[in-house]
There are 2 protein chains.
Amino acid sequence: MDAPGAAPADRGPQQERSRATRQRLLEAAVECLAQTGAAGSTVGAVAERAGVSRGAAQHHFRTREDLFTAALRHMSQTRLDDLRCRAAGLPEGRSRTEAVVEMLVDAYSGPEFDAALQLWSAAANDPRLRTHVIPLEEHIGREAHRAAVELLGADESKPGVREAVRATLDLARGLGLAGLLTDDRARRRGVIRQWAAMLERELAEKRRDSGRR
Amino acid sequence: MDAPGAAPADRGPQQERSRATRQRLLEAAVECLAQTGAAGSTVGAVAERAGVSRGAAQHHFRTREDLFTAALRHMSQTRLDDLRCRAAGLPEGRSRTEAVVEMLVDAYSGPEFDAALQLWSAAANDPRLRTHVIPLEEHIGREAHRAAVELLGADESKPGVREAVRATLDLARGLGLAGLLTDDRARRRGVIRQWAAMLERELAEKRRDSGRR
DNA sequence: AAAAACAAGCACGCGTGCTTGTTTTTCTCC
DNA sequence: GGAGAAAAACAAGCACGCGTGCTTGTTTTT
């Protein structure tokens, strides 16, 4: 028996439990998208994965649209956090460009990318979902671009440098897409290495141009 | 009144009409995927767009899965035909590399790419659909790669050349994905130009390496 | 007459949103 | 501090619409 006034096991303040339930629902929604696709991500499936009932899920998110809109925001925040995490601790020296390219490719791979892709596909033909996806994805893209410029020491005042960084992000998305249905990692390593070499040469040449003035 | 024995207007041999109906159903299925997404592409919607009844659609394709499997094959063939078409008539000279890159990007853009992307997303979590998508997509990828190598005059015996061509195809997919929800064409032009410049330099350098021996 | 193409309708399962019900927690008043 | 009401969190069940696959029916063609 608990001490007088103590909450029972695994129970805390109701607000905390509410927050925890919402969090579990959001994480479950993202996992569902990645593993069963948009079509398989029913409210019932998400609730089951979160360990609550459909009624509980509905208490927190009135409609399916509300749930997945919130899941989209949650996932976008997680992807930004992951990007910042990855940006720390990159090596210096010869392999830095390759490490930056690899970091960007990682940002567009894995279960969260799979989940995001499901939402993009759904958003292509759902105007309301699309109004949520577009600004969040643009924000992530801008952050990724900014991080890449900074980590590469790229001088965007030089012609072509911005486009080269943009191309790197587009390559990352393309590799993510190519990896959607098959294990693409061996092929991907060669592509990353080659592109990093080309990118490094381009950026070095632009830096030399600057030195000549 | 028709001449004795002549078919009424718009009717031909039954086999021909059957073939035409199937063709219209397949084209309608691809258009549905591109415009209403996988979730919106019901058999009823496809039949309506094809101008036939659901019963007629079912006569030709017993299940929804049969219909979309056939539509996938149809669309893959169309994409290959389009690729071959685009490969003809590319310019020589300085802008050839850029034209080839643009051709590849075009191969991963537009309504058929939108439809393909819907099927890829659905296939990510549908093992049966996935067994159909993977070989067809690999085939298209190989054809696109082969065409690119030929059109660029790329020497794949040189290290890095194959990976550079692979990277170009991955860029094409990435640009297609980036253009899924927004009109990306202005940004895309800059990326293509810069990428082509970097690719051309890389290929030219590899050709000079060959000449030095 | 038989087969093929086409069309209409039926039964079923599924998923969503809503309503109703239960349990737990919080708050107010005495 | 305890009782009781209210609110919140959670759960169960219902009604409805939708889409698929199948059956039945009709028309056209062979």
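Below, chains carry the letters A, B, ... as their sequence lines are ordered, and counting in each starts from 1. As the structure is a computational prediction, the values presented were derived from the model and not from experiment.
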Any strand: nucleotide that pairs with [N] via Watson-Crick or wobble, under 3.5 Å:
{"N": "D/dG17", "result": "C/dC14"}
{"N": "D/dA6", "result": "C/dT25"}
{"N": "D/dT24", "result": "C/dA7"}
{"N": "D/dT30", "result": "C/dA1"}

Please determine if a side-chain N or O atom of [X] lies less than 4.0 Å away from the OP1 or OP2 oxygen of [N].
{"X": "B/Arg17", "N": "C/dA4", "result": "no"}
{"X": "B/Ser18", "N": "C/dA5", "result": "yes"}
{"X": "A/His59", "N": "D/dA9", "result": "yes"}
{"X": "A/Thr42", "N": "C/dC14", "result": "no"}

Return the CZ to CG distance between A/Arg142 and A/Leu169, rounded to the nearest 0.5 Å. 12.5 Å
With the side chain defined as heavy atoms from C-beta on, A/His60 is closest, among D/dT28, D/dC10, C/dT16, to D/dC10
Rounded distance (Å) that lies between atom [atom2] of [N] and atom [atom1] of [X]:
{"X": "A/Arg64", "N": "C/dG17", "atom1": "CZ", "atom2": "P", "result": "8 Å"}
{"X": "A/Glu65", "N": "C/dG15", "atom1": "CD", "atom2": "P", "result": "19 Å"}
{"X": "A/Phe61", "N": "C/dC18", "atom1": "CZ", "atom2": "C1'", "result": "18 Å"}
{"X": "B/Glu16", "N": "C/dA5", "atom1": "CD", "atom2": "C1'", "result": "14 Å"}
{"X": "B/Arg19", "N": "C/dA5", "atom1": "CZ", "atom2": "P", "result": "13 Å"}
{"X": "A/Leu67", "N": "C/dG15", "atom1": "CG", "atom2": "P", "result": "15 Å"}

With a 3.5 Å cut-off and heavy atoms only, can you find an N or O donor on one side and an acceptor on the other between the side chain of A/Arg54 and the base of C/dG17? yes
Measure distances between side-chain N and O atoms of B/Gln58 and base N and O atoms of C/dC6, and say whether any donor-acceptor pair falls under 3.5 Å. no
With B/Leu199, which of B/Thr168, B/Leu171, B/Val100 fulfils side chain to side chain contact (heavy atoms under 4.5 Å, CB included)? B/Thr168
Sole candidate of B/Leu136, B/Leu67, B/Leu26 that passes side chain to side chain contact (heavy atoms under 4.5 Å, CB included) when paired with B/Leu72: B/Leu136
What nucleic acid atoms does B/Arg62 come within less than 4.0 Å of, heavy atoms only: base, sugar-phosphate, or nothing? sugar-phosphate
Could you list the donor-acceptor pairs under 3.5 angstrom formed between side-chain atoms of residues 112-119 of chain B and any protein atom two or more places apart in sequence or on another chain?
from: B/Gln118; atom 1: OE1; to: B/Ala38; atom 2: N; distance (Å): 2.9
from: B/Gln118; atom 1: NE2; to: A/Ser121; atom 2: O; distance (Å): 2.9
from: B/Gln118; atom 1: NE2; to: A/Asn125; atom 2: OD1; distance (Å): 3.3

Should A/Glu163 and B/Arg193 count as an ion pair when the cut-off is N to O under 4.0 Å? no
